[in-house]
Amino acid sequence: MTHRSLSQALTRGARAKCPNCGEGRLFDGFLTVEPVCRRCGEDLSHQRADDAPPYIVMFIVGHVVVGLLLFYEVAYQPPMWHHAAIFLPLTVFLSIGLLRPVKGGLVGLQWAKGMHGFDPDGDRWT
């Protein structure tokens with residue numbers, strides 16, 4: 001398999017750019033991956049991100065929000081409505097804000113590692 005830079009592919013994917021050229025759009029819509037890069041022609045239809053991005057986002061957001069919530073509770077002992085007013089919107093905004101970068105990074109990972117048909121030297125399988 002041809003060597004592909006993992007860090008470069010992850011960065012490009014997280015920026016919603018084609019992992020191959022770094023210039024074409026990765027997404028057609030909010031989370032729908034373009035089947036083919038319009039800039040370099042790289043076939044992106046092999047990606048199989050499926051349910052991994054939401055699980056990764058839940059893991060990250062859960063750790064951040066619960067850590068901040070516990071710190072805020074111990075330090076200030078606020079009323080419950082403060083928690084609801086602060087941490088519910090924070091959870092929603094972090095979750096929505098992280099979905100695209102995480103999915104893009106996962107597509108970049110699959111591309112860099114030659115997974116799911118991205119290997120140009122291997123047999124095409126899906």
hydrophobic_cluster_shared for [Y] and [X], side chain cutoff 4.5 Å:
{"X": "Leu94", "Y": "Leu88", "answer": "no"}
{"X": "Val64", "Y": "Ile56", "answer": "yes"}
{"X": "Ile86", "Y": "Ile96", "answer": "yes"}
{"X": "Phe71", "Y": "Met80", "answer": "no"}
{"X": "Val57", "Y": "Val92", "answer": "yes"}

How is the hydrophobic cluster of [X] composed, in terms of its other members, when Ile, Leu, Val, Met, Phe, Trp and Tyr link through side-chain heavy atoms under 4.5 Å apart, directly or indirectly?
{"X": "Val66", "result": "Leu70"}
{"X": "Val74", "result": "none"}
{"X": "Met58", "result": "Tyr55"}

Give me the atom names and distance for the closest heavy-atom approach of [X] to [Y].
{"X": "Gly108", "Y": "Ala9", "answer": "O-CB, 3.4 Å"}
{"X": "Phe27", "Y": "Ala16", "answer": "CD1-CB, 3.7 Å"}
{"X": "Pro35", "Y": "Asp43", "answer": "O-OD1, 3.2 Å"}
{"X": "Arg12", "Y": "Asn20", "answer": "NH1-O, 2.6 Å"}
{"X": "Gly29", "Y": "Arg100", "answer": "O-NH1, 2.9 Å"}
{"X": "Cys37", "Y": "Cys40", "answer": "SG-N, 3.4 Å"}

Once side-chain contact (heavy atoms from CB on, under 4.5 Å) is applied, do any residues pair with [X], and if so which ones, sequence neighbours excluded?
{"X": "Pro89", "answer": "Phe93"}
{"X": "Leu106", "answer": "Ala49, Ala52, Pro53, Leu109, Gln110"}
{"X": "Thr91", "answer": "Val61, Val65, Ser95"}

Worksheet item: Tell me the salt bridge (charged side-chain N to carboxylate O under 4.0 Å, His left out) pairs involving residues 15-26, sequence neighbours left out?
Response: Glu23-Arg39, Arg25-Asp28, Arg25-Glu34
Worksheet item: Quick one: are Leu44 and Phe118 in side-chain contact, heavy atoms under 4.5 Å?
Response: yes
Worksheet item: Do the side chains of Val33 and Lys103 get nearer than 4.5 Å, heavy atoms only?
Response: yes
Worksheet item: Checking Arg4 side chain against Ala112 main chain: does a donor-acceptor pair fall under 3.5 Å?
Response: no
Worksheet item: What residues form a ring pair (Phe, Tyr, Trp, His ring centres under 6.0 Å) with Tyr76, not counting sequence neighbours?
Response: Tyr72
Fill in: With Phe59 via ring pair (Phe, Tyr, Trp, His ring centres under 6.0 Å) - residues at least two apart
His63
